[in-house]
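Everything on this sheet refers to the single structure shown next.
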Amino acid sequence: MLDLSTADGKIIDAAMRLAASSGWAGLSFDLIATEAGVSLAEFRRHFPTKTHILAAFTRAADDAVLTKMPEATAGDTGERDRLFDVLMTRFEVMAPYKASLKRIKADLPFRPAEGLALLGGAARTQYWMLQAAGVAADGPRGAVSLPGLLGIYASTFDIWLEDDDPAQSKTMAALDTQLRRGEKLMQQLDRLGKATMQICCAFTPKRNVCKKKSGHNDNASTTAKTEEPPAQQANAVNGSAPAA
């Protein structure tokens with residue numbers, strides 16, 4: 001997941017490994033720099049704060065998931081199954097740093113500014129996880145899907161941190177349950193949206209956007225009636241049939 005041939009990769013890896021043993025709150029820059037084999041000056045050029053390290057770790061996990069997941073296509077498995085695969089793949093790529101993430105999560109409540117800064121990154125992550133699963137992440141549906149998936153991931157993440165089973169059975173069961181609930185909610189919202197559109201269409205004037213969406217075009221039909229070939233117009237006036 002991390003490219004340890006680069007300074008960024010070395011620093012992130014060093015910080016995460018030290019967090020597992022020393023915690024996150026008291027982890028000093030000089031200790032991370034020494035562990036990574038870089039000077040403090042170089043450390044600062046890459047990561048001015050520890051929040052930047054965590055943000056870079058998150059982006060690396062995003063990239064690893066997007067690289068591993070095949071592009072979702074029509075006729076593929078359902079959205080719920082694809083989301084399940086995407087999030088389980090994310091847990092898989094982060095597995096080597098599970099102990100580190102557990103210590104960091106325990107320390108973040110005492111570092112509210114840092115936790116708040118990471119919240120935006122978490123939302124961006126789930127936006128890309130939706131994209132990886134081929135699920136609408138923009139528009140009205142995305143406005144519901146994104147916070148919903150963020151909540152599902154957060155609750156499953158806590159279970160994953162405590163799941164010591166190599167098969168990750170507790171994590172998979174919790175994720176499946178949460179996604180099924182989310183799927184039912186989205187289906188209800190979709191039905192509500194369609195019903196609302198039908199009601200709106202019923203009470204709007206005849207020439208409205210509803211008829212445009214259905215492919216009806218009054219102007220086109222009027223034009224088709226009036227713009228007859230000249231020969232037909234002449235025959236109509238003379239009362240004779242058009243020539244063969």
Side-chain angles (χ1 to χ4, degrees), residues 51 54-55 57-94 101 105 108-109 112 114-163 168 170-204 208-215:
T51 303
L54 290 180
F57 176 85
T58 299
R59 289 193 300 272
D62 293 346
D63 291 343
V65 174
L66 295 174
T67 300
K68 283 177 171 286
M69 294 303 300
E71 183 178 352
T73 57
D76 201 350
T77 56
E79 290 183 353
R80 173 170 53 80
D81 290 335
R82 293 198 301 270
L83 281 170
F84 180 89
D85 290 341
V86 166
L87 294 184
M88 287 307 301
T89 299
R90 186 173 188 83
F91 292 135
E92 176 189 324
V93 301
M94 295 191 305
L101 293 168
K105 186 179 184 300
L108 282 182
E114 193 169 9
L116 185 61
L118 293 172
L119 183 60
R124 284 190 296 272
T125 285
Q126 296 314 312
Y127 174 88
W128 282 106
M129 297 304 98
L130 286 169
Q131 295 283 6
V135 179
D138 299 296
R141 203 167 191 271
V144 177
S145 300
L146 183 56
L149 187 61
L150 187 59
I152 289 172
Y153 177 77
S155 62
T156 309
F157 179 78
D158 290 344
I159 294 171
W160 173 72
L161 288 178
E162 303 296 334
D163 189 358
Q168 303 293 287
K170 292 180 181 178
T171 302
M172 289 194 293
L175 180 58
D176 183 65
T177 298
Q178 294 278 0
L179 287 174
R180 287 181 185 276
R181 289 175 182 169
E183 183 181 49
K184 289 181 180 178
L185 176 60
M186 290 303 300
Q187 289 171 347
Q188 291 171 355
L189 291 175
D190 285 342
R191 287 195 293 268
L192 178 61
K194 290 178 182 178
T196 302
M197 178 61 72
Q198 290 173 351
I199 293 172
C200 291
C201 289
F203 288 94
T204 50
N208 56 44
V209 68
C210 302
K211 290 190 175 293
K212 288 181 181 178
K213 286 184 177 180
S214 65

*Please check if the side chain of D62 supplies one atom and the backbone of T125 the other of a donor-acceptor pair under 3.5 Å.*
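No: the side chain of D62 does not pair with the backbone of T125.
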
*Would you find a donor on one side and an acceptor on the other, under 3.5 Å apart, between the side chain of T156 and the backbone of Y153?*
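Pair absent, no side-chain N/O of T156 close to backbone of Y153.
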
Non-hydrogen side-chain atoms of [X] and [Y] separated by less than 4.5 Å:
X: W160; Y: K170; value: no
X: K68; Y: E92; value: yes
X: V65; Y: W128; value: no
X: M88; Y: M172; value: yes
X: L175; Y: I159; value: no
X: R124; Y: T58; value: no

Nearest-0.5 Å distance that lies between atom [atom1] in [X] and atom [atom2] in [Y]:
X: R59; Y: L66; atom1: CZ; atom2: CG; value: 13.5 Å
X: L161; Y: T171; atom1: CG; atom2: OG1; value: 8.5 Å
X: L118; Y: F57; atom1: CG; atom2: CZ; value: 12.0 Å
X: L179; Y: I152; atom1: CG; atom2: CD1; value: 5.0 Å

*When you check the gap from the basic side-chain N to the acidic O, do R180 and D176 get nearer than 4.0 Å?*
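Between D176 and R180 there is a salt bridge, with a charged N closer than 4.0 Å to a carboxylate O.
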
Minimum heavy-atom separation for [X] to [Y], with atom names?
X: A137; Y: Q131; result: CB-NE2, 4.0 Å
X: M129; Y: L149; result: CB-CD2, 4.3 Å
X: L54; Y: E114; result: CD1-OE2, 3.9 Å
X: L146; Y: A123; result: CD1-O, 3.6 Å
X: F157; Y: M94; result: CE1-CE, 4.1 Å
X: D63; Y: T67; result: O-OG1, 2.8 Å

*Begin with the C-alpha distance, continue with both residues' side-chain angles, and end with the deciding distance and a verdict on side-chain contact (heavy atoms from CB on, under 4.5 Å) for Y127 and D138.*
CA-CA 9 Å; Y127 174 88; D138 299 296; 3.2 Å; yes

